Structure formats: structure tokens, C-alpha cells
Amino acid sequence: MTSQHNRKPARSTRIAQALRFVDEETGAVVPPIQPAATYARDENYDIRQPYWYRRDGNQTTAHAEAIIAELEEATESLLFASGMSAATAVIDHLPAGAHVVIPRVMYHGVLAQFQKYHAQKRLEISYYGAGNLDELAAATRNGETQLVWVETPNNPEWDVTDIAAAAQIAHDAGALLLTDCTGTPPCSTRALNFGADISFHSATKYLNGHSDITAGVLSIREVAPFWEDIARVRNLQGTVLHSFDAWLLIRGMRTLFLRVEKATANALAIARHFENHPALEAVLYPGLPSHPGHAVARRQTDGQFGGMMSIIVKGSEQTAIDVTRFCELFYPATSLGGVESLVEHRKTVSGPNFPVHPRLLRLSIGIEDADDLIYDLEQALARANQQA
Ligand SMILES: *Cc1c(COP(=O)(O)O)cnc(C)c1O
């Protein structure tokens, strides 16, 4: 056996201990919250390093960033006040007229932001079908494309994209690859190790895990000029994560491995139970061997497929909406990655112009008892079908 002295602690150990935090003065095993907006200069009127004003971040936010960097095996991470502000910083740092390649269907807020920049003639967009590498390659322009955006697993049908193959395509064209793997956080998918240049996560979701903050994070493999530009956008837009929220995020991340393991086990049990169910047309979950992205998802997640799935209900659009109304344990709410299970009629939420199946329900599976969740969906489906 390796002696304790030589053994490098696993990531799960490091994250559970918030990177082995101990307060030097008191021995406290929980970090404090540092809320200061400004910092006094020293006796020579020089700025004390590294902080001087809140928009550049502070100790609490930096501690949360260090934890995520370790999770991602990243060089650096930057935390923002929401996933959308992190995504916007990436979009905003691109030069005027830049060409980007993005999925036709993806997280609706990010898509809307790209399309707004396009309408203002600040960006050129080419689209590909999520998970379709041939379409991705065809949409990418050699020496012209600056950014390829991959969401995997992809909202709301959970198509899986091979990150290594997408990185090859992006890099051959001279573009950066950004991955949004919010559905499988870095205890599961470490996108940088598959060749992504920027790993994006809405930390509102699994990383925090308790539905009590919004946060977004970007992580990189190597520091490059684009990273400085993105950090400048965060500073000038004032979108750094707040200290109190950073503290909640640190607290939440300590149980990340445990939560994702349980959510995955629950989701697998639910997917297996409802696959081929007479009231359902489809169960979309990459953890099922019948899912077209299963093999790639297994490789990219180490078998930790996460808790995100969708079901397509038989009947009418109203039948699908009724299922959300009749659930007694699943909350009829948006968002994902919390300890509590959520059900959402995606078409209602993403608006009439968004191409989503009208009978699709998105489920975020939490850490409750799997049999309770199965029972709840069974009774809601039965009641919705009686109604029809
Ligand atoms: C939630 C989410 C976002 C946006 O993040 P916010 O924290 O809500 O701003 C982006 N991408 C995916 C896949 C998400 O689930």
C-alpha cells in the first residue's frame, strides 16, 4: 500500500474538504465570507495585491474558482453572477463580424443571445444539428470560424456530442471549442481533457446543487489572450459572482460527487422503469443503451450520466401539461441539477418560436427515493390520461 504521505488525495476528497481549507487563526474548517467592495491601499499608497475593488473578484469567489479549477483539471476558472453572464462574456469578447458555429436547438437563453448579436450584425452564425459531427464540420469555415459551441448533453433531447471529435474539427479550422456540459458537471465530464478550450457550466445547476443561487463558470486549459479579454468583459460588465453566492457554491460543491452519483442512480432506475411504458412515446436519457449517444456519453461521463432526461407523453399537448399539474413530488419548475426533482413542459417555457416537441417533459431527477419518484410519475400519467 502507498503510504499516506505519498498518496495524492482523489478529487472527491479534495472537493469534500473545499481544498483542505483550515482557517489559520482559528482552525475553522469552513471558509469565511469576504464581502468587501473596496480595499485600503498600503502605507505607500500602493494597491495591495491581488484585490483592490470588488469587480475584480475577492477571496471567497477565488476560493470557489480554485475548487472548480481542480474539478475541471483547469489552469484557471472565472465565476460569473449567472450562466448567462458567463456565456455573454464569451459572446461579447468576439471581434465584430466573427463567425460562430452553434447548435440549431440548445439552451434557449444562449441561443437567444447569439441571435441578438447576429441581428445587430455583430456576429455571423452557422448552425448544426446537436450531436451531428458531419453537419458541424460542414458548418465550420477554415480560417474564418472563431468559436464552435457544443452543448452536451444537449437541451432538451439530450443528444450527445463527441467532444474530442468536435475539438478536432474546431481546431483544424483554427476555431476555439467551447463546451456547455451543464447536464454532466466536472465530477462526471471534464471537457478540457477531451480537447475543449473553454469549459462552460451554469453553476446554478449541479455545481451548487441546492437551487439557491445563480452562477456561471468558465474554465480553460491554457491561459491565452482570449482569456484576458473575457476577464476584462467580466470586470467592465460587473458580472463577477457575489461573495455570499460564492460561499453557498463552495458549500454546495462539497457534496457534488455524492449528489451526482445518487441523481444518476435514480435517473437510471426511472429511465429503465418508463422505457416502453404504454403512456409514453419515448424516454430520452443517454444512460439507456437504446439512446444513440450512449457509448459516447459513457466514455465522456465515466458512467455518471447525471439526472437529466426527457419523456415524450402520448396523447395531446394538454396531456403533457396535465402530467406536470398532477405531480405531487416533482416540482413543476424550471432549472435543473438541484437535490429536488423538477418537471417542466419545455414548450411552454421556451416560447412558441422554439423548436421543441409539444409533448416533451424535461425531468431533472434529484436525490429523493427513486421508488417515490416512479410512483409520482405513474400516478400523474394515470390522472392525465383519465382527464384526456
Ligand atoms: C441553466 C443553463 C444555462 C444558463 O445558466 P443560468 O445560470 O441560468 O444563467 C446555460 N446552459 C445550460 C445547459 C443551462 O442548463
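Atoms within each ligand, like the ligands themselves, are counted from 1 in listed order. Owing to the predicted nature of the structure, the values given are computational and were not obtained by experimental measurement. Sequential numbering from 1 along the given sequence is applied to the chain's residues.
- Checking S85 against T88 by side-chain atom types alone, no donor-acceptor pair falls below 3.5 Å.
- Any N or O atom pair closer than 3.5 Å counts here, and V110 shares no such pair with ligand 1.
- Counted by atom type alone, N155 and H108 present zero donor-acceptor pairs between their side chains at under 3.5 Å.
- Atoms of ligand 1 found under 4.0 Å from any heavy atom of M84, numbered from 1 in the order shown, are 5 (O), 6 (P), 9 (O).
- Using a cutoff of 4.0 Å between basic side-chain nitrogens and carboxylate oxygens, R11 and E72 are not scored as salt-bridged.
- The contact set between ligand 1 and G83, taken as ligand atoms under 4.0 Å from a residue heavy atom, comprises 5 (O), 6 (P), 7 (O), 9 (O).
- In terms of N/O distances under 3.5 Å, ligand 1 is not approached by T214.
- For W149, the ring-ring contact (aromatic ring centres under 6.0 Å, His included) test picks out F114, F200, with sequence neighbours left out.
- Closest heavy-atom approach to atom 15 (O) of ligand 1 among the candidates H108, H201, K205: K205.
- Within the listing of ligand 1, atoms 15 (O) sit less than 4.0 angstrom from a heavy atom of L336.
- The heavy atom nearest to atom 4 (C) of ligand 1, out of those in Y107, F80, Y206, is found in Y107.
- When each atom of ligand 1 is checked for a heavy atom of N155 under 4.0 Å away, the hits are 13 (C).
- At a cut-off of 3.5 Å, with distance as the only test, a side-chain donor of T334 or E344 sits close to an acceptor on the other residue.
- Residue E151 has no nitrogen or oxygen atom sitting less than 3.5 Å from a nitrogen or oxygen atom of ligand 1, judged on distance alone.
- Contact atoms of ligand 1 toward F200: 10 (C), 11 (N) (distance under 4.0 Å to a heavy atom of the residue).
- Contacts of A215 with ligand 1, taken as heavy-atom pairs under 4.0 Å, involve the backbone alone.
- Between H294 and F305, the ring-plane angle classifies as parallel under the 30° and 60° cut-offs.
- Given atom 13 (C) of ligand 1, the protein heavy atom at minimum distance is D180 OD2, 3.2 Å.
- Using 4.0 Å as the threshold, G337 has no heavy atom nearer than that to any atom of ligand 1.
- One finds no salt bridge joining R234 and D56 here, because no Lys/Arg side-chain nitrogen approaches an Asp/Glu carboxylate oxygen to under 4.0 Å.
- Near S82, with a cut-off below 4.0 Å to any heavy atom, the atoms of ligand 1 are 7 (O), 9 (O).
- When only modelled atom types and interatomic distance are considered, H273 and E378 share a side-chain donor-acceptor pair under 3.5 Å.
- Taking 4.0 Å as the cut-off between side-chain N and carboxylate O, E281 and K314 do not count as a salt-bridged pair.
- Numbered from 1 in the order shown, with element, the atoms of ligand 1 that lie under 4.0 Å from a heavy atom of T204 read 6 (P), 7 (O).
- If you check the side chains of R20 and Q17, you find a donor sitting under 3.5 Å from an acceptor.
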